[in-house]
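Numbering of ligands and ligand atoms starts at 1, following listing order.
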Amino acid sequence: KSDKTLWIGGMFPQTGEWAGGEAAFPAAIKALNQINQREDILSGYYLNLSAYDTRCSPGLGTTILYELLYNKTFGSVNSSILMLLGPACSPVSTAVGEAAKMWNLIVLSYGSSSPALSNRDRFRTFFRTHPPATLHNPTRIKFFDLFGWKRIAILIQTEEVWQSTAEHLETLARAHNVHIAVRQLFDNDPSHAISNLKKDDIRIIVGLFYEEKARKVFCKAYQQNYYGESYVWWLIGWYADNWFMKVHDVECTTEEMSRAVEGHFTTEIQMLTDATTKSISGLTAQEFITDLNSTLKHLFPTKPIESVGGYVEAPLAYDATWALALALNRSLERTNLEEWTYGNKDMKEIMMEDMEKTDFFGVSGSVKFDKLGNRMSKVVVEQLRNGLYHRLARFDAEKGSIEWLSGEEPDGSRCWNYRYNHSSNN
Ligand SMILES: CC1(C)CO[C@@H](CC(=O)O)CN1
């Protein structure tokens with residue numbers, strides 16, 4: 001199409017703490033190509049992406065932001081980017097998201113989970129298709145209510161994402177008369193924290209820590225004999241499936257670790273819908289994944305697909321690109337985006353309103369933002385049984401409803417109900 005070009009910026013980390021851009025970038029490009037084929041979206045325009053690798057570094061991310069704002073001339077109708085797709089990593093979104101509002105630039109992240117980014121005063125123009133880590137909490141509370149668990153502990157690694165998630169959990173717990181009896185923080189060695197949980201005879205623990213610390217927690221729990229049928233652990237569900245078998249950094253054997261972790265529950269945000277209906281792109285979620293898999297095998301021939309950075313979050317990047325294009329499409333009906341400059345507050349307000357109107361079915365499910373710019377998603381609950389994770393239920397935080405998966409509805413018959421009932425004396 002001999003169309004005029006509209007530009008957006010992009011940030012996709014290829015290395016660093018979390019190289020989520022490895023799979024997210026190809027997913028975003030796929031969406032962009034499909035969007036530019038559509039006559040009914042941004043007709044008369046070609047949407048182009050100026051993408052950079054932030055290496056998951058806040059400093060580099062900020063430098064790239066200024067590069068995009070000041071130095072880049074796009075040689076098109078307009079040398080300003082209309083919006084920013086990304087960043088992925090929370091620390092980069094925190095730096096870039098706070099600065100961007102000074103240029104009235106809307107930032108749409110596909111990979112940031114930090115609860116701090118829900119602060120609308122600091123991140124006025126920030127949206128994300130990746131829900132905050134706090135989205136796990138309503139699911140946890142729902143289960144505590146369901147099984148009459150009144151006395152809970154939280155074991156927290158001292159990292160901002162986990163501490164702010166714990167604060168949110170406590171607020172919710174109070175509203176549901178669930179008593180957070182103990183909050184134990186640890187930096188590197190959880191031994192002391194665990195002996196305190198044992199001393200207080202805590203039976204239900206929410207563990208907020210990264211995978212590497214999770215191994216330390218359960219090896220210490222094993223050594224202190226703080227594990228087994230009388231304890232209910234609630235962990236993060238996005239660790240590697242065999243995380244507790246990688247004993248290179250703990251003193252326990254795989255057999256000891258397996259016994260310590262047996263029976264624990266996890267919560268994880270669902271990032272690819274189970275639905276078989278077509279998404280806004282015309283592809284079903286499975287068609288999208290099949291196509292992405294073949295692209296990633298080509299791009300990373302020596303890497304197993306699951307270990308490509310951001311593989312799980314790729315649907316969020318694909319849907320973020322669609323959300324961005326659809327919002328701009330709505331704005332085109334009300335204003336001439338070719339005249340966009342960073343000082344144009346009126347135009348920014350139009351684009352903000354149009355972003356807030358986002359409501360479509362994507363490959364990651366229904367895509368909508370709440371008033372804080374956060375995406376609402378479903379949360380999947382699993383339990384580890386004989387070393388394998390079993391999906392128990394899916395929780396819809398918006399409706400507050402639990403959908404039990406095939407035959408997992410608790411009826412007091414199965415062993416894991418024993419675990420529930422046994423611990424209900426708290
Ligand atoms: C589920 C996870 C792994 C949480 O961290 C996100 C990255 C971040 O918040 O920095 C990516 N998705």
Visitor: Could you check whether Arg375 makes a cation-pi contact with Phe369, meaning its NZ or CZ is under 6.0 Å from the centre of the six-membered ring and within 45° of the ring axis?
Guide: no
Visitor: Any idea which protein heavy atom is nearest atom 5 (O) of ligand 1, and the distance to it?
Guide: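 It is Ser113 OG, 3.5 Å.
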Visitor: What protein heavy atom is closest to atom 10 (O) of ligand 1, reported as residue, atom name and distance in Å?
Guide: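 Looking at atom 10 (O) of ligand 1, the protein heavy atom closest to it is Ser90 N, 2.8 Å.
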Visitor: Name the orientation class of the two ring planes belonging to Phe288 and Tyr318 (parallel below 30°, tilted from 30 to 60°, perpendicular beyond 60°).
Guide: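 Geometry flag for Tyr318 against Phe288: tilted rings.
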Visitor: Can you list the atoms of ligand 1 that are under 4.0 Å from a heavy atom of Gly111?
Guide: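 That gives atoms 6 (C), 7 (C), 8 (C), 9 (O), 11 (C) of ligand 1.
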Visitor: Using a strict cut-off of 4.0 Å, indicate which atoms of ligand 1 neighbour a heavy atom of Cys89.
Guide: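 By the 4.0 Å cutoff, the relevant atoms are 10 (O).
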Visitor: Under 4.0 Å from a heavy atom of Ser112: give me the atoms of ligand 1 that qualify, with their elements.
Guide: 9 (O)
Visitor: Do the numbers put Arg140 on top of the ring of Phe147, so that NZ or CZ is under 6.0 Å from the six-membered ring centre and no more than 45° off the axis?
Guide: no
Visitor: Does one side chain, of Trp7 or Tyr46, offer a donor that lies under 3.5 Å from an acceptor on the other?
Guide: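 No.
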Visitor: Give a yes/no on ligand 1: does His130 have at least one heavy atom closer than 4.0 angstrom to it?
Guide: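 Yes, His130 has heavy atoms under 4.0 Å from ligand 1.
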Visitor: Does a donor on one side chain sit under 3.5 Å from an acceptor on the other, for Thr158 and Gln163?
Guide: no
Visitor: Is it true that Trp404 and Phe143 have ring centroids separated by less than 6.0 Å?
Guide: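 Between Phe143 and Trp404, which both carry aromatic rings, the centre distance is below 6.0 Å.
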Visitor: State the atoms of ligand 1, each with its element, that fall below the 4.0 Å cut-off from a heavy-atom position in Glu313.
Guide: 1 (C), 2 (C), 3 (C), 11 (C), 12 (N)
